[in-house]
Amino acid sequence: MIKLKYLAVCLLAFLANTTGFAQQVTLTSLLQEQVDFSAVARWPHPYYKEIQASSYDRKSVLPGRAGWFANDDRSQYIRTETVNGRRELVMMDADGPGAIVRFWLTTFKRNGNIRIYFDRSKEPAITVPAYDLMKSGLNLGAALLQAHSSYEPKEKGGSTLYLPMPYAKHCKITFEDNDPDNQPRYYQVNYRSYVAGTSVKTFSLQQLDQARKLVDDVNGKLLHPDNAVAGKRINANREIAPGKQVVIDLPKGSAAVRYLAINLKTSNNEDYEQVLRSTILQIKFDGEQTVWCPVGDFAGSGVGAKPLQSWYRTIGKDSLLISRWVMPYRSAARISLLNTGDKSVSVSVQTVTSKWAWDAQSMYFHANWKSEENVVIKQNEENKPIEWDLNVINGKGVFVGDALAVYNHMHKWYGEGDQKLWVDGQRFPAEFGTGTEDYYNTSWAPVVLYQTPFANAPRADNPDSFGHNTFTRTRNLDAVPFEKNFRYSLEMIGWENGTADFAATTYWYGFKNAKSKVAEKQSQPTLLPTTKQ
């Protein structure tokens with residue numbers, strides 16, 4: 001009998017450790033995860049599905065049917081409820097356990113009340129006295145609550161909330177609209193849906209007050225990520241002739257790259273942008289190539305090393321390209337820089353590695369690059385637009401972000417299209433967006449430059465969006481796990497019919513044998529276009 005009891009206790013302990021039920025999800029645990037660079041390199045524990053509720057046009061039902069490219073992505077709700085005599089429009093309605101991890105919205109006039117209800121309570125845990133998260137009263141710093149670049153305090157503009165809000169049983173978000181003139185309301189709510197049985201402590205304002213020091217610390221770290229990383233350093237300085245490469249072998253054994261810094265120089269400054277595109281970063285982990293990407297695109301800047309200040313990547317005024325992606329490997333890793341251009345380039349590289357306990361949850365880092373010139377953009381569904389795939393992945397892994405570099409041939413906005421993230425063969429996307437700029441945490445196009453920890457616009461050549469533009473968004477709490485396959489597509493819809501060149505870098509982690517179709521049919525760098533008005 002004693003042995004049976006002992007075996008039962010061991011079995012329960014094993015199940016708790018493998019399912020994640022023993023680890024309670026709380027505001028504190030999510031905040032700590034938010035500033036843990038290593039978190040995204042391991043399979044989620046406890047497991048969750050990432051889902052988005054949004055105001056996408058409800059005429060979009062299934063691919064191939066009329067309305068799939070419908071573009072009236074505003075003021076679309078799940079239903080209308082009457083609560084204590086007031087009319088509440090339901091934006092999100094999700095069973096728990098779960099957690100809100102990103103809340104984006106925008107509009108013109110903002111009169112009304114947003115209410116967030118947890119665990120089927122009749123009273124909201126949070127009431128925001130406007131369609132404006134900046135007026136939430138949560139007293140958060142600029143990393144966790146961001147005004148968009150177009151934000152105007154009195155009327156037009158939007159905001160994005162990154163404060164995680166876990167819930168044990170249920171979450172509902174509603175809006176009581178007090179503007180009678182049909183104001184356009186756009187929203188996206190990203191949330192985690194945890195596996196049944198996960199222990200979650202529901203968010204409250206009291207918890208937020210108790211965790212105020214941690215909240216402030218997290219906000220500070222997100223704005224100022226630490227580059228002082230402990231570990232083994234390798235420095236290399238080389239001149240790479242056209243068609244040649246430099247190779248850096250990293251320390252043997254189970255380890256992880258914690259810091260990677262690259263600086264490129266040319267004898268002629270006019271060649272610099274082309275060199276950033278023509279110099280390729282290639283990384284092999286345990287003998288398998290998982291990174292193949294132009295250096296400038298890998299860093300998130302697209303064309304040109306424009307300043308970038310984000311959680312995972314930084315480009316400073318001296319054009320030093322810094323990556324803080326954690327890249328684990330079991331036994332061996334090799335970093336190569338390939339010069340595919342026709343000019344010599346001077347390269348300075350610094351890596352920092354430290355020990356990593358490789359286990360069944362560990363994943364390899366991937367960065368894939370796809371480029372296509374003269375992609376056709378259409379004005380509306382009647383013109384038959386396409387969905388352009390940034391990446392398609394088969395296998396098991398987690399999607400953690402992208403950088404989208406565009407050369408727009410039009411003097412009109414190209415980014416009306418919605419992003420769609422497809423997971424594990426579902427017939428409808430896990431994320432169905434409301435416009436390109438919305439996905440990248442801003443609103444109202446064309447856009448101006450902006451910097452935030454998880455989304456940036458480091459380049460916008462002209463006010464009308466002609467020429468070079470770059471957007472990038474990275475994810476951690478809103479990372480997207482997939483068990484079988486993943487697809488990320490963008491509708492090619494703009495303000496007029498035309499064309500643009502697209503170069504997309506996608507960042508993801510995957511288990512062995514997870515494969516990207518982009519890597520299987522690798523794009524090659526070409527000469528950059530010459531800007532002509």
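W104 and Y187 have their aromatic ring centers separated by at least 6.0 angstrom. Taking the centre of each ring, Y131 and F175 come in below the 6.0 Å mark.
Residues meeting the side-chain contact (heavy atoms from CB on, under 4.5 Å) test with S254, sequence neighbours left out: W356, W358. The side chain to side chain donor-acceptor pair (under 3.5 Å) check on N219 picks up nothing, with sequence neighbours excluded. Partners of T290 according to the side chain to side chain donor-acceptor pair (under 3.5 Å) rule, which considers only residues two or more places apart in sequence or in another chain, do not exist here.
Annotation: the span from L105 atom CG to D438 atom CG amounts to 10.5 Å, rounded to 0.5 Å. Note: D478 CG to I100 CD1 = 13.0 Å, rounded to the nearest 0.5 Å.
In this structure, Q451 contributes its side chain and P307 its backbone to a donor-acceptor pair below 3.5 Å.
Cation-pi geometry between R473 and F454 is not satisfied (NZ or CZ under 6.0 Å from the ring centre, within 45° of the ring normal). For the pair R74 and Y186, the cation does not sit on the ring face, since its NZ or CZ is not both under 6.0 Å from the ring centre and inside 45° of the axis. K306 forms no cation-pi arrangement with F471, by the criterion of a distance under 6.0 Å to the ring centre and an angle within 45° of the ring axis. Relative to the ring axis of W311, K221 does not place its NZ or CZ within 45° and under 6.0 Å from the centre.
Shown are V229, T314, L260, D226; of these, the side-chain contact (heavy atoms from CB on, under 4.5 Å) with R324 is made only by T314. A salt bridge (charged side-chain N to carboxylate O under 4.0 Å, His left out) with E431 is found for exactly one of K49, R102, R475, namely R475. Considering D389, V480, D402, V392 in turn, D402 is the only one that fulfils the side-chain contact (heavy atoms from CB on, under 4.5 Å) rule with Y488. Remark: of the listed residues W508, F486, W422, F486 is the sole one forming a ring pair (Phe, Tyr, Trp, His ring centres under 6.0 Å) with F399. A salt bridge (charged side-chain N to carboxylate O under 4.0 Å, His left out) with D93 holds for exactly one of R79, K172, R120; it is R79.
Using cut-offs of 30° and 60° for the angle between ring planes, the F502 and Y414 rings count as perpendicular. Between Y56 and F428, the ring planes lie tilted relative to each other; the angle falls in the 30° to 60° range. Classified by interplanar angle (parallel below 30°, tilted 30° to 60°, perpendicular above 60°), the ring pair W292/W369 is tilted.
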Exercise for the section: List the steps and the verdict of side chain to side chain contact (heavy atoms under 4.5 Å, CB included) for Q76 and R185. Expected result: CA-CA 8 Å; Q76 306 274 358; R185 313 298 189 188; over 6 Å; no
Handout entry: Stepwise salt bridge (charged side-chain N to carboxylate O under 4.0 Å, His left out) test for E387 and K420
Key = CA-CA 9 Å; E387 290 172 338; K420 297 168 183 174; 2.5 Å; yes
Exercise for the section: Just do the salt bridge (charged side-chain N to carboxylate O under 4.0 Å, His left out) check on E288 and K512 with the steps written out, would you? Expected result: CA-CA 9 Å; E288 183 173 345; K512 190 174 178 61; 3.8 Å; yes
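Under 3.5 Å, the side chains of W388 and S489 contain no donor-acceptor pair of N or O atoms. A side-chain donor-acceptor contact under 3.5 Å links S331 and D286. Side chain to side chain, R258 and S38 meet the donor-acceptor criterion of an N or O pair below 3.5 Å. Checked by atom type, the side-chain pair T442/S149 shows a donor-acceptor distance below 3.5 Å. One side chain, N391 or T506, offers a donor N or O that lies under 3.5 Å from an acceptor on the other. T174 and R115 form no side-chain donor-acceptor contact under 3.5 Å, judged by distance and modelled atom types alone. With hydrogens and angles left out, the side-chain atoms of S362 and D359 include a donor and acceptor closer than 3.5 Å.
Counting heavy atoms from C-beta on, the side chains of L404 and L490 come closer than 4.5 Å. When side chains are defined from C-beta on, Y162 does not count as touching L145, because their heavy atoms never get closer than 4.5 Å.
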